[in-house]
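Lettering follows sequence order; numbering is per chain, from 1. Note that the structure is a prediction, hence the values are computed from the model and not measured.
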There are 2 protein chains.
Amino acid sequence: MPQGTPERTPDDGLTTRQRRNRPLLIIHTGDGKGKSTAAFGLALRGWNQGWSSAVFQFVKSAKWRIGEQTALEQLDQIHRDTGAGGPMEWHKMGSGWSWSRKGGSAEDHAAAAAEGWQEIKRRIAAETHQLYVLDEFSYPINWGWVDLDDVVDTLTNRTGQQHVIITGRRMPAALIEQADLVTEMTKIKHPFDNGQKGQRGIEW
Amino acid sequence: MPQGTPERTPDDGLTTRQRRNRPLLIIHTGDGKGKSTAAFGLALRGWNQGWSSAVFQFVKSAKWRIGEQTALEQLDQIHRDTGAGGPMEWHKMGSGWSWSRKGGSAEDHAAAAAEGWQEIKRRIAAETHQLYVLDEFSYPINWGWVDLDDVVDTLTNRTGQQHVIITGRRMPAALIEQADLVTEMTKIKHPFDNGQKGQRGIEW
């Protein structure tokens, strides 16, 4: 290299610190277990950083409560009581979104999914959270309930420090393309293969 | 099927309920992210069931504390204060196991790993916990610090209701063979590929 020529730096207009702390779009996909569980595990890290985190469960039948919800809500309570960690919200579509007054929307899954996405868009525009978990979000996109181009556009142009984790099988290629970190969970062996049923503490 | 012939039931001497709640050996392997994070996420479910859980981090350099440790220890504190959830222990090799008095053992990684495994064996024999997370346990096995046959034998013959999750790359085939549930985490895309460094809240 000729003397005096500066080393090449990325042409992205960012400082080194900004580049290091670039907000990530993370995808957990594949047919194996652990996609959602690892996303909720990441929420533990965010909580410990004092981030504001929100989980949005796009599951039709999520009227029941999984263990992670109870545990993460306890961490939110600790934050409120002591100031440790960060705030943590948990919203699920199955029983009607908690912020929604339309009690009947849970009956119309397409409308409920679209409503969930509109709320997430508003929050991303307002930079409400540092971490968003969009759990099983590939399904409403694949079923045409949420517009893929709108999702890609919103995530591509989001401002500030907002990490987004999306889980689900058959993730649209346009989201994989846009993502910074993509992990595929592959089933090698599962107890269901031997006729064993799901059990408490493992499946929920 | 001739009338009067009973339906075939598994010849394992278990009741249906016992078969349903069979303790699992779970493995998270592969080169992708999410192996440990999903294991710690499962610990949230166990906590919510009131199980006694223990994490053993077999990481040479785990002198630092990851976010999950702080968050899970907070849940242990909630259990102690209010009785909600279950007890949760977190042990790591990097700073010397917390139960060990040998301050110097952290210098000798092989001895420290063997010591960790001996303690886990004692606890499994005593049925101390309902959930064990043996984090990055494939490494000390592959390095010959912990005997594979001993691990397989101990896990195969464990009694009671003890779930065991083992994480790490290059999981020995004998453990995969023995496991009930195996998920491989595969890297599709990672920010390190573009020269980005690890960041707070995502990597730890």
Look at the aromatic rings of B:Y132 and B:H129 and report parallel, tilted or perpendicular, splitting at 30° and 60°. perpendicular
Evaluation steps, side-chain hydrogen bond (donor to acceptor under 3.5 Å, both in side chains), between B:W90 and B:E68: CA-CA 10 Å; B:W90 190 290; B:E68 292 96 319; over 6 Å; no
Residue among B:A179, B:G85, B:G32, B:G34 with most heavy-atom pairs under 4.5 Å to chain A: B:A179
Heavy atoms only, distances under 4.5 angstrom: which of A:G201, A:G46, A:A84, A:A43 has the most pairs with chain B? Name it, please. A:G201
Part of A:I27 within contact of chain B (heavy atom distance under 4.5 Å): neither
Are B:W97 and B:F58 an aromatic pair, judged by ring center distance below 6.0 Å? yes
If you count heavy-atom pairs under 4.5 Å between each of B:D31, B:T70, B:T37, B:I26 and chain A, which one has the most? B:T37
Contact part of A:L72 toward chain B, heavy-atom cut-off under 4.5 Å: side chain, backbone, both or neither? side chain
Using salt bridge (charged side-chain N to carboxylate O under 4.0 Å, His left out) as the criterion, point out the one residue from B:D150, B:D147, B:D153 that pairs with B:K121. B:D150
Top contributor to chain B interface from A:E184, A:Q77, A:H28 [non-hydrogen pairs under 4.5 Å]: A:E184
State yes or no: are the ring centers of B:H109 and B:W143 separated by less than 6.0 Å? no
With no hydrogens and no angle check, do the side chains of A:E136 and A:T167 hold a donor and an acceptor under 3.5 Å apart? no
Among A:K35, A:Q130, A:K33, A:K187, which residue forms the greatest number of heavy-atom pairs with chain B at distances under 4.5 Å? A:K33
Under 4.5 Å, counting heavy-atom pairs only, tell me which of A:G30, A:S36, A:A38 racks up the most with chain B. A:A38
Could you check A:W145 against A:F137 for ring-ring contact (aromatic ring centres under 6.0 Å, His included), going step by step and ending with a plain yes or no? CA-CA 10 Å; A:W145 297 350; A:F137 192 47; over 10 Å; no
Residue, of B:L42, B:V182, B:L131, B:T29, that accumulates the most heavy atom pairs under 4.5 Å with chain A: B:V182
